[in-house]
Enquirer: 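Next up is a structure, given as structure tokens.
Residues: numbered from 1 along the sequence shown.
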Amino acid sequence: MGAVTPVGNDVETFWKALKEKKVGIGPITKFDTTEYKAKLAAELKDFDAKQYMDAKAARRMEPFSQYAVAATKMALEDAGIDMEKEDAFRVGVSIGSGIGSLQAVEREHKKLLEKGPSRVNPLLVPLMISNMAAGNVAIQFGLKGKCINVVTACATGTHSIGEAFRSIQYGEADVMAAGGTEASITPIGVAGFTALTALSESTDPLRASIPFDKDRNGFVMGEGAGVVILESLEHAQARNAHIYAEVVGYGATCDAYHITSPAEDGSGAARAMTDAIKDAGIEPEQIDYVNAHGTGTHHNDLFETKAIKLALGEHAYQVKINSTKSMIGHLLGAAGGVEFITCVKSIEDGFVHATAGLEQEDEGCDLNYMKGEGVEMEVNYAISNSLGFGGHNGSLVVKKFV
């Protein structure tokens, strides 16, 4: 596994921060927010692309691609994959970005207006388009298998891992680097989400991203990447790999309801969860922990709560639920990748982290969202949920490997 996040630029630092309820949110430093209603974001700290690739390669990548390459490099090293011993055409990539590079669009559009079309960077398109995270990862590490980029807004990372899982099941690959990446803390990104009234306008970093809380008023934008190495059991055992956990279920549905609001009855997200549980061959009562999409918007938290109740029935009141976004903000296309890693670490470590900042649950939000402190407990099955604009729902079931 590999991750660059607002609370740590490697998996262990990230996980330690979650256990300690460390909030990675602060004033936006990337541009002047004087005229902006949203003043806070969860930015990466001390990220240096040249630690993960040579300077020339870094210059030819926008931040979202750099983050993906960095996370993949860590994941490949953690997995002990030696590409000289692999059939490169059996090692693929499924890494998505919800947006791609807004930085490149802003920069070159300014040039277009001020200096004319002839001054636009010849590399604008390959710098900007969202599939270049997957493409750059493949180029950097020589991964010649199936290389895809799932784009489903905030469900991107989850669908990317799910589709990688399916690719291995189907026999198209032995190994897949899978996850999500995003770098959208830019003037147009923040202005756009603010105009949609999706972002929190709180100026208190500890009361800005507060999923399920009665005072929640939107999400806080985050950035980063989360990438995992998935492989078939036979391939992993043949090379004596360290196995963290097993992906056993994947569900994907669409609300077919509204471009930004989830279905009010939670039926679409619930079906993604029940499909994933059915795929895993287990009963809802076997789920120990749900890593919720938990954005901190009014509609999401209320309707996701309904979805969990629909999917798990009475067991919904027994299961532990949390929102990693309470500490790292909403990483958009990268959220599912990073939150999947959280589920794996919860299984490995026997710990479910708290939802930081949650003080008083809102009406209708009546489940156990891990208010207060995290808890040590055995986690055998975890679900990671992601819900994206457009009605995209994705759920993954992860199991302790025994």
Side-chain angles (χ1 to χ4, degrees), residues 5-7 23-31 33-43 98-99 102 153-156 182-224 255 257-264 266 269 291-307 321-336 338-339 355-365 369 371 385-392:
T5 78
V7 293
V23 175
I25 295 165
I28 293 170
T29 65
K30 294 177 184 289
F31 58 93
T33 60
T34 302
E35 295 183 23
Y36 291 74
K37 292 178 181 176
K39 306 289 187 184
L40 304 179
E43 298 178 345
I99 297 175
L102 292 176
C154 311
T156 294
E182 206 77 81
S184 298
I185 305 172
T186 74
I188 195 70
V190 172
F193 278 109
T194 301
L196 197 61
T197 66
L199 295 185
S200 170
E201 295 176 14
S202 170
T203 55
D204 179 355
L206 300 180
R207 294 295 294 159
S209 182
I210 47 173
F212 308 108
D213 193 283
K214 66 178 177 58
D215 295 330
R216 70 189 185 281
N217 65 352
F219 72 81
V220 173
M221 193 166 326
E223 62 176 353
D255 289 338
Y257 171 72
H258 188 273
I259 56 170
T260 60
S261 173
E264 293 184 9
N291 188 295
H293 189 55
T295 59
T297 63
H298 178 269
H299 280 8
N300 176 91
D301 296 359
L302 187 61
F303 302 157
E304 187 177 9
T305 295
K306 290 182 179 179
I321 302 163
N322 64 12
S323 173
T324 304
K325 293 180 180 70
S326 63
M327 289 173 270
I328 63 170
H330 190 352
L331 273 59
L332 308 178
V338 170
E339 290 159 14
T355 297
L358 175 56
E359 293 178 1
Q360 182 64 52
E361 295 90 341
D362 197 7
E363 187 179 348
C365 295
Y369 307 108
K371 181 171 70 178
N385 284 339
S386 292
L387 321 175
F389 283 173
H392 309 285

Enquirer: May I ask you to say whether Glu201 pairs ionically with Lys39, meaning some side-chain N is under 4.0 Å from a carboxylate O?
Expert: no
Enquirer: Would you please name every residue forming a salt bridge (Lys or Arg N to Asp or Glu O under 4.0 Å) with Asp255, sequence neighbours left out?
Expert: none
Enquirer: Is the closest basic N to carboxylate O distance between Glu361 and Arg216 below 4.0 Å?
Expert: no
Enquirer: Once salt bridge (Lys or Arg N to Asp or Glu O under 4.0 Å) is applied, do any residues pair with Asp215, and if so which ones, sequence neighbours excluded?
Expert: Arg207
Enquirer: What residues, two or more places apart in sequence or in another chain, satisfy side-chain contact (heavy atoms from CB on, under 4.5 Å) together with Ala155?
Expert: Thr152, His159, Ser386, His392
Enquirer: With Pro6 as reference, evaluate Val23, Leu331, Val338 under the side chain to side chain contact (heavy atoms under 4.5 Å, CB included) test and give the passing residue.
Expert: Leu331
Enquirer: How long is the straight-line distance from CD of Glu182 back to OG1 of Thr156, given to the nearest 0.5 Å?
Expert: 7.0 Å
Enquirer: Got a list of side-chain donor-acceptor pairs under 3.5 Å for residues 189-196, not counting sequence neighbours?
Expert:
| unit_1 | atom_1 | unit_2 | atom_2 | d |
| --- | --- | --- | --- | --- |
| Thr194 | OG1 | Val190 | O | 2.6 |

Enquirer: Just jot down the ring pair (Phe, Tyr, Trp, His ring centres under 6.0 Å) partners of Tyr257, sequence neighbours excluded, or say none.
Expert: none
Enquirer: Thr29: what forms a side-chain contact (heavy atoms from CB on, under 4.5 Å) with it, not counting sequence neighbours?
Expert: Glu43
Enquirer: Using the test side-chain contact (heavy atoms from CB on, under 4.5 Å), find all partners of Ser326 that sit at least two apart in sequence or belong to another chain.
Expert: Pro211, Thr355, Ala356
Enquirer: Who pairs with Lys214 by side-chain hydrogen bond (donor to acceptor under 3.5 Å, both in side chains), at least two apart in sequence or on another chain?
Expert: none
Enquirer: Using ring centroids (six-membered ring only for Trp), state whether His330 and His293 fall under 6.0 Å.
Expert: yes
Enquirer: With Ala269, which residues qualify under side-chain contact (heavy atoms from CB on, under 4.5 Å), at least two apart?
Expert: Ala307, Leu387, Asn393
Enquirer: Under the rule for side-chain hydrogen bond (donor to acceptor under 3.5 Å, both in side chains), what residues qualify as partners of Ser209, not counting sequence neighbours?
Expert: none
Enquirer: Whether the side chain of Glu304 engages the backbone of Ala292 through a donor-acceptor N/O pair (distance < 3.5 Å, no angle test) should be reported.
Expert: no
Enquirer: Check whether any side-chain heavy atom of Thr305 lies under 4.5 Å from a side-chain heavy atom of Phe212, and answer yes or no.
Expert: yes
Enquirer: Can you find a pair of side-chain heavy atoms, one from Phe389 and one from Ile259, that are under 4.5 Å apart?
Expert: no
Enquirer: Will you find, in the side chains of Thr324 and Asn291, an N or O donor that is under 3.5 Å from an N or O acceptor?
Expert: yes
Enquirer: My understanding is that only residues two or more places apart in sequence, or in another chain, count here; which of them pass side-chain hydrogen bond (donor to acceptor under 3.5 Å, both in side chains) with Thr297?
Expert: Thr295
Enquirer: Main chain of Gly218, side chain of Ser200: is a donor-acceptor contact present, judged purely on distance under 3.5 Å?
Expert: no
Enquirer: What pairs with Lys37 under side-chain hydrogen bond (donor to acceptor under 3.5 Å, both in side chains), at least two apart in sequence or on another chain?
Expert: none
Enquirer: Measure from the side-chain N and O atoms of Lys325 to the backbone N and O of Gly296, and report whether any donor-acceptor pair falls under 3.5 Å.
Expert: no
